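Take a look at the structure set out below.
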Amino acid sequence: MQLARVKGVQKYLRIAEISLTNRVAYLADHLAGSLFLILILFIFSQLWKTVLRQGGQVAGLDSTGMLWYMVFTEVIAISTPGSHYLVSEEVKSGDIAYKLSRPYSYTLYYFAAHCGEFAVRFITNLIVGAAFAYLTIGPLNVPWAKLGWVVLGFALATAVNFLMMFSLALLAFWLEESRPFFWIFQKMTFIFGGLFIPVEAYPQGLRFISYLLPLRYGLSAPARLMVQFERSLLWQMLTGQLVWITLLGILVWAMFQKGVRRVHVHGG
Amino acid sequence: MAVIEVDGLHKVFRTKTKEPGLRGSLQALLRPTYAEVAAVKKISFQVETGEMLAFIGPNGAGKSTTIKMLTGILNPTSGTAQVLGLVPWEARRKLAFSIGSVFGQKSQLWYHLPALDSFRLLGSIYEIEDKMFARRLSQVVELFELEDFIKTPVRKLSLGQRMRCEIAASILHGPQVIFLDEPTIGLDVVAKLKIRELIQRLNEEEKTTIFLTSHDAGDIEQLCKRTIVINHGEIILDTSTSYLRHNYLTTKIVNVKFAAPCPNLTLGNAEILKHTEKGIKFRVNTKLTSIEAVLTELFAQADAADISVEEPPMEEVIRDIYARPAGEGEPSAAG
Amino acid sequence: MFTEARKTVKFVLQYFSANLQSAMEYRGAFISQIVFMFLNDLLLLFFWWVLFTKIDSLNGWSFQHILLLYAVASGAHACQALLFGGSFSLGRTIAEGRLDFYLVLPKPVLLHVLVSRSTTSSWGDLAFSLAIFALAAKPSPGLILGFVALIFTAGVVFTSFTVLAHSLSFWLGLSTGLANQLTEALLSFSLYPEGIFSAATRLVLYTLIPAGFVSYLPVRLLQRFSWPQLGLLILFALGLAALARFVFYRGLKRYESGNLVVTNAAD
């Protein structure tokens, strides 16, 4: 029994590994993403230096804090792979039949692949982004003592992000074209996920909506925690993340159950 | 009047060579080495007005390179050529008004729009005056029998219909020379015959010089009086197609599937290529025997469920040309 | 000379029309693409709206200024994408040997490649540009005409830059990614007010990555018109276009000798 369980985990590790090596092969693609990161960080370093020149603050962060906040949100954002087109392709071509007949969970397969790819991209992009930020605006006060908690926050954020994206990806079971939804989701993430500014700094109405949605738990919350560690922030974030992982997990499970039946009906 | 004159046309490509692996990549970056490939080796020939010429050879023989030089897309390393009195790579735009081209795999028609819209656009590209264009359009539509589908979006046309539109598009501006590269590729037998018929009609009515490349021996036999064979950048044969047919396109490959298993068949007048109890594949030399005679011998021994007859592949014909000495009274293989 | 110009304009318009018709074949996709692009652009403004609830001005710029900036930048981008959409894939066209198609036709190769494609979704950018301009400036018809002329000129700057970046493909292989990055960079810089940048950066933005001529200068012209500044803008646009043309045709000579990195040697 115990042996079987170890094997179970192992196959997902393998999947993550393959996804990782696959990613490294697309080096040029990768480089392009890093260049864009530097570009956007450069522009915003100038912006925040200008806006917060006289020691101003946004959501309790000065210009250094704001830029480092952005380093983390941008790195998460550009390192998150999109699985939607893969699922869409599989459903359309019928290749999904192969995956469904194999002895692993479809969702966990994609989660493992997601994590593998995200890990590589995150590390390389973070090195680039952090180096740039350090050189232009100065060092970050890394909360070394509490780093374990922060890393946990990032890991849970990855899960939240994955579940949100995957639920949209599963729309492929019902819709020919799910890209527009992805697009909207991406834009919503920019706003309600707090890509540019921590969600706490939003005007009343916007802040309220952001608090209701899961988006900030994948982006703004972990980044904020890294840049300005506070116990209250930590507990609030972890709670929110766990709640949303549960809710989204149930959603994904339900969608998958219903969706898979549709695929079989089509004889795919 | 010579419409195309080629004299000692020569093209050498310089490409970077790279050793395998990472070490090789670094070497290629720091100290690059080059390989020179002679794609076309000092070829010469002439084409007269109204001729239908087949330009054949295996892949990599130098066909596309030659056509690219004749249409002005590529500069030669040495040698000269003139098309309609113009040097193609020097007067490309001017020449473009008088030549047309169809490349079998690539399309000049807009995929989502009816061919008619593409024709109109081409009319503007070739600066054809409106009234003249209208007249020319009806001429071409009639010649190629396009009335039924000229207003249908190209994506909805069959390959044969699309090909007809492509060739029609290439002659809208009334060119004197057209280069057709694999015009019947991928078409079924009926469509092929139709395209050949239309090209024939075009040549007869408008005296257009046609420079055709094809891997289909049927295209060549039916359309072109003259054939130039090119291999490894050299012209190995420049002769009439009938000579080619009599001396080199003399074999046919026949595939027969048996109605009932027949393991041991003997054929006296044919070369057996493959023989299982389910079927047989053999080659017939039509100079020596007829396919009919061989089949008669076959039917005496077995019943056939399916029969197909193929031309030998072009590569085999070329190999044959190299292998066989020159025939009587015609340019030799070394010419 | 004049007939040549007239023929060229007619040629460009005909291609533009054909591209539009081709896109309209799929009504659903056509409309949704435009709507989405419009919304996409609107969302970019969102950040600025939030920022200006906290601060009054950014180095002298107000929210209205930002609106003008966005109107100009997105309008210029729309002009490039709608009229000269082939510029975005120029590098790939070169690398894949597809220039052959244009070479056998009797029209100027560069122009032909540029007009052969039109990015349908950018109608949304154009709609956004005009809407934001109307919102920010409450303009007279005369001013709208002036605005359109401005974004067209800025679009020429954009296009020329893209052509220059993609022409690298004549000499380097695999440089399409770099060209795309440069084009992105220009677009990105033109969406942020120049006031936030240091003097050194601004120098770069008026030369190597000419965001200054794409959006900053046009915005200044909209706020306070000046003939010399307009002259400077037009001169720069023409100059850059001439440079782009020159570099492209230089590269084309190389293409015609067949020694391009990715051309197949034989056959």
Side-chain angles (χ1 to χ4, degrees), chain B residues 11-16 34-40 57-66 68-69 71-77 88-89 92-101 103 106-108 110-114 117-118 120-127 153 155 170 173 179 232-233, chain C residues 3-4 6-27 29-30 93 96-112 115-118 120 171-174 249 252-267:
Chain B
K11 182 63 186 174
V12 173
F13 286 111
R14 239 166 60 113
T15 48
K16 261 201 221 161
Y34 295 94
E36 291 202 335
V37 178
V40 172
N59 288 326
K63 299 197 300 285
S64 296
T65 310
T66 308
K68 281 186 183 171
M69 288 194 280
T71 51
I73 297 177
L74 209 57
N75 298 332
T77 309
W89 49 90
R92 189 189 58 229
R93 259 187 83 180
K94 192 156 175 234
L95 184 62
F97 283 102
S98 316
I99 62 172
S101 54
F103 295 98
K106 302 181 194 160
S107 176
Q108 56 195 319
W110 287 59
Y111 194 59
H112 298 294
L113 295 176
D117 287 333
S118 295
R120 289 226 175 89
L121 194 61
L122 283 166
S124 139
I125 291 176
Y126 285 105
E127 298 172 18
R155 69 176 193 276
S170 74
H173 56 293
F179 295 89
H232 298 310
Chain C
T3 41
E4 268 299 318
R6 210 161 35 101
K7 266 193 279 180
T8 310
V9 171
K10 186 169 171 230
F11 171 65
V12 173
L13 289 176
Q14 250 168 336
Y15 251 100
F16 181 69
S17 156
N19 270 312
L20 185 58
Q21 282 173 61
S22 187
M24 294 204 286
E25 276 286 305
Y26 298 97
R27 273 197 71 207
F30 182 62
T93 304
E96 291 173 7
R98 284 190 273 131
L99 277 183
D100 291 355
F101 173 76
Y102 300 97
L103 285 168
V104 257
L105 293 171
K107 281 291 177 193
V109 180
L110 179 59
L111 187 65
H112 202 160
V115 301
S116 59
R117 275 211 167 131
S118 181
T120 317
W171 290 276
L172 313 166
L174 283 179
Y249 280 103
L252 190 62
K253 278 215 184 75
R254 195 156 191 276
Y255 181 91
E256 287 168 335
S257 71
N259 286 320
L260 221 51
V261 182
V262 283
T263 309
N264 292 322
D267 200 53

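The structure presented is a predicted model; accordingly, all values stated were derived computationally and were not measured. Chain A is the first sequence line, chain B the second, and so forth, proteins listed ahead of strands; every chain is numbered from 1.
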>> Out of the candidates Lys10(C), Arg6(C), Lys107(C), only one should pair with Glu127(B) under the salt bridge (charged side-chain N to carboxylate O under 4.0 Å, His left out) rule; please name it.
In response: Lys107(C)

Let me confirm one number: the [atom1]-[atom2] distance from [X] to [Y], rounded to the nearest 0.5 Å.
| X | Y | atom1 | atom2 | result |
| --- | --- | --- | --- | --- |
| Asp100(C) | Thr71(B) | CG | OG1 | 7.5 Å |
| Phe101(C) | Ser101(B) | CZ | OG | 8.5 Å |
| Ser22(C) | Leu113(B) | OG | CG | 4.5 Å |
| Arg92(B) | Leu105(C) | CZ | CG | 10.0 Å |
| Ile125(B) | Gln14(C) | CD1 | CD | 8.5 Å |

> salt bridge (Lys or Arg N to Asp or Glu O under 4.0 Å) with Lys94(B): which residues, sequence neighbours excluded?
Replying inline: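 In terms of salt bridge (Lys or Arg N to Asp or Glu O under 4.0 Å), with neighbours along the sequence ignored, Lys94(B) is linked to no residue.
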
> Within a radius of less than 6.0 Å around OH of Tyr26(C), do more than 12 heavy atoms belonging to other residues, nucleotides or ligands occur?
Replying inline: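 Buried by this count: over 12 neighbours within 6.0 Å.
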
> Is Lys68(B) salt-bridged to Glu256(C), going by a charged N under 4.0 Å from an acidic O?
Replying inline: no

Which portion of [X] sits near chain C, non-hydrogen atoms under 4.5 angstrom:
| X | value |
| --- | --- |
| Ile73(B) | both |
| Gln108(B) | both |
| Ser124(B) | both |
| Pro88(B) | neither |

If I measure from the heavy atoms of chain B, does [X] come under 4.5 Å with its side chain, its backbone, both, or neither?
| X | answer |
| --- | --- |
| Tyr15(C) | both |
| Lys7(C) | side chain |
| Glu25(C) | side chain |

> With sequence neighbours excluded, what pairs up with Ser116(C) under the side chain to side chain donor-acceptor pair (under 3.5 Å) test?
Replying inline: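 Tyr102(C).
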
> Nearest heavy-atom pair of Ala96(B) and Val104(C): which atoms, and what distance?
Replying inline: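 Ala96(B) and Val104(C) have their closest heavy atoms at CB-O, 3.4 Å.
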
